[in-house]
*Asks:* 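Please read through the structure below; I'll follow up with questions.
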Amino acid sequence: MADKLHFDLVSPERLLMAEAVDMVVVPGSEGDFGVLAGHAPLMSTIRPGFISVKNGNQPEFRIFIRGGFAEVNAKGLTILAEEAIPAGELNAADLDAKITDAEEDLRDAKDDAHRQRAQEIIDQLRQIRQVL
Amino acid sequence: MPSLKQFRVRIASVKSTRKITKAMQLVAASKLKRAQEAAEAARPYAERMERVLANLAGSLLNNPGAPKLLSGTGKDEVHLLIVATADRGLCGGFNTNIVKLARARIEALLREKKTVKIFCVGRKGRDQLRRLYSSLIIDTVEFTGLKRIGFAQAQGVAKRVLEMYEAGEFDVCTVFFSRFKSVISQEPTAQRLIPANITGGAKADELKGASYEYEPEEEEILQALLPRNVTVQIFKALLENAASEQGARMSAMDNATRNAGDVIDKLTLQYNRSRQAIITKELIEIISGAEAL
């Protein structure tokens, strides 16, 4: 087996994961990307969606994250999530609440840039809601 | 010499005080555990955020187009001080220490003829600062009644600060809070929030000579990351503060409990002495009365 990738997943409230894994697929704001050990340094924003972690023979582990940042350097991958919930614990009611929140943000948005960003978030959340 | 009754009343009163302080100590101890866990759990995020930011900022700092949150407004005239304290007292020198540090800074800034604005988070800090600098306080936030500080509270504070910054109401922002070192030691700390404090990014050898790829553009990432960093640093400060407050209260109440115990011992000793003295006196009276017959 090739080298493992060191993967840190942190949210403001806690450190969710810090372990060596085979591969992580991250929903970057400009498209999903997979990270394996030895990836070139990269920094990307993340759109709301699922990251999936693959490790050996274990089943793929999926975590819902609501935006954030990913940084890849020689040490490994670090994801700074605004909010992270393991897929199994995610439920429709929570997601609906988040959509309502996002819609409020849209109403509060002052300029076009903010408004566009809020609209994107709503769209992505709705998509996820449908999948669920 | 007070009468026996007075002694009994005083002993009873100190005993009930001891019960209260003991209870407060136990409550603080159990809250401390939770607050400490929360503070420690939040540290990795804040630390990594700082590191990521430092990595990014290094390449952009001298760029004239760098965001204002990173490079500052170019002036150093108006200072916003966020003073984070507790909403409750009875926690030893906790609030006073933070306020003392903030006061030293305020005095220094005022001597340099800078404009100072104070943003109080927590009631006790406001109460102490209001006596001296009531005209400088622009706003106060209280979290009374909240069981624990959540990210939403930090977001609320950060939003206000960022709005004021965008409106050009201040140039430099510093947050004052107490860093939780251990249960018996909390360190009042001043941390600069705006312009972002960037020290110690990834060293060149960590990247093995490669440079970062950015997705989307560096500027766009920074635009999103910087406000977020402010929120996270405020959140961290609030959590550290919450843990420090409980730690400070616990040791203050522990001291109070022990002191009450000492006072009770002393009073009991005096009580017994004067009781014996009274008995002896009565005996002497009886005996000398009998002898006189």
Side-chain angles (χ1 to χ4, degrees), chain A residues 6-18 26-35 37-47 65-84 97-98 101 104-105 108-111 113-114 116-118 120-121, chain B residues 37-56 59 148-155 158-159 163 166-167 201-218 220-229 231-236 238-239:
Chain A
H6 184 77
F7 172 53
D8 283 338
L9 175 63
V10 283
S11 78
E13 264 99 10
R14 64 204 169 110
L15 179 71
L16 281 121
M17 271 181 103
V26 185
S29 51
E30 298 191 343
D32 290 11
F33 57 88
V35 181
H39 195 287
L42 168 80
M43 217 174 270
S44 171
T45 48
I46 299 174
R47 62 185 158 81
I65 52 177
R66 206 197 65 192
F69 299 90
E71 186 202 14
V72 187
N73 60 23
K75 278 190 194 156
L77 167 68
T78 305
I79 290 185
L80 302 172
E82 284 177 31
E83 197 179 355
K98 284 192 219 320
D101 269 359
E104 257 169 44
D105 284 349
D108 291 344
K110 281 186 210 83
D111 51 58
H114 280 110
Q116 195 194 341
R117 175 136 178 72
E120 275 170 19
I121 290 174
Chain B
E37 276 166 11
E40 276 163 7
R43 273 180 198 164
Y45 191 85
E47 275 163 19
R48 288 194 174 82
M49 184 68 120
E50 265 176 355
R51 224 174 49 209
V52 169
L53 199 62
N55 286 347
L56 254 174
S59 61
R148 52 179 298 189
I149 304 278
F151 197 60
Q153 278 78 46
Q155 262 171 336
K159 207 172 148 209
E163 273 167 10
E166 270 167 35
K203 286 165 201 78
D205 56 317
E206 250 174 54
L207 297 179
K208 294 181 181 142
S211 61
Y212 276 99
E213 255 178 72
Y214 295 99
E215 206 177 298
E217 290 306 304
E218 281 166 290
E220 232 172 285
I221 296 187
L222 262 184
Q223 290 292 2
L225 195 69
L226 285 166
R228 184 115 200 106
N229 181 48
T231 314
V232 167
Q233 299 304 337
I234 291 177
F235 183 54
K236 189 190 82 174
L238 292 181
L239 286 178

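Chain letters run A, B, ... following the sequence lines, proteins first and then strands; every chain starts at 1.
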*Asks:* Parallel, tilted or perpendicular: which fits the ring planes of His39(A) and Phe33(A), with parallel below 30° and perpendicular above 60°?
*Replies:*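 It falls in the tilted class, 30° to 60°.
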
*Asks:* Go through the atoms of Ala18(A) and report whether side chain, backbone, both or neither lie under 4.5 Å from a heavy atom of chain B.
*Replies:*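 Neither part; nothing is under 4.5 Å.
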
*Asks:* Identify which of Glu83(A), Glu82(A), Met43(A) forms the greatest number of heavy-atom pairs closer than 4.5 Å to chain B.
*Replies:*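 Counting heavy-atom pairs under 4.5 Å, the top option is Met43(A).
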
*Asks:* Measure distances from Phe235(B) to the heavy atoms of chain A and classify the residue's part below 4.5 Å as side chain, backbone, both or neither.
*Replies:*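 Contact with chain A: side chain only.
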
*Asks:* Are more than 12 heavy atoms from other residues, nucleotides or ligands located less than 6.0 Å from atom CD of Glu30(A)?
*Replies:*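 Atom CD in Glu30(A) is crowded, with more than 12 foreign heavy atoms closer than 6.0 Å.
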
*Asks:* Given Ile234(B), which of Leu238(B), Val232(B), Thr231(B) fulfils the side chain to side chain contact (heavy atoms under 4.5 Å, CB included) condition?
*Replies:*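 For Ile234(B), the side chain to side chain contact (heavy atoms under 4.5 Å, CB included) test succeeds with only one of Leu238(B), Val232(B), Thr231(B), which is Leu238(B).
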
*Asks:* Counting heavy-atom pairs closer than 4.5 Å to chain A, which one of Pro216(B), Ala224(B), Ala38(B) comes out on top?
*Replies:*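 The residue among Pro216(B), Ala224(B), Ala38(B) with the greatest pair count is Pro216(B).
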
*Asks:* Could you report the tightest heavy-atom contact between Ala70(A) and Ile79(A), atom names first, then the distance?
*Replies:*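 What the structure gives for the nearest pair is CB-CG1, 4.1 Å.
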
*Asks:* Roughly how far, to the nearest 0.5 Å, is the CE atom of Met49(B) from the CD atom of Gln233(B)?
*Replies:*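 Output value for this atom pair is 8.0 Å.
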
*Asks:* Tell me, out of Ser11(A), Pro12(A), Ser44(A), Gly28(A), who's got the most heavy-atom pairs with chain B below 4.5 Å.
*Replies:*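 It is Pro12(A).
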
*Asks:* Considering only heavy atoms and a distance below 4.5 Å, find which of Thr45(A), Leu42(A), Leu15(A) pairs most often with chain B.
*Replies:*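 Most heavy-atom pairs under 4.5 Å with chain B: Leu42(A).
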
*Asks:* So which part of Leu239(B) gets closer than 4.5 Å to some heavy atom of chain A, the side chain, the backbone, both or neither?
*Replies:*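 When you check distances to chain A, no heavy atom of Leu239(B) falls under 4.5 Å.
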
*Asks:* Which atoms of Arg228(B) are under 4.5 Å from chain A, going by heavy atoms: the side chain, the backbone, both sets, or neither?
*Replies:*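 Side chain only.
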
*Asks:* By salt bridge (Lys or Arg N to Asp or Glu O under 4.0 Å), which residues pair with Asp101(A), not counting sequence neighbours?
*Replies:*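 In terms of salt bridge (Lys or Arg N to Asp or Glu O under 4.0 Å), with neighbours along the sequence ignored, Asp101(A) is linked to no residue.
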
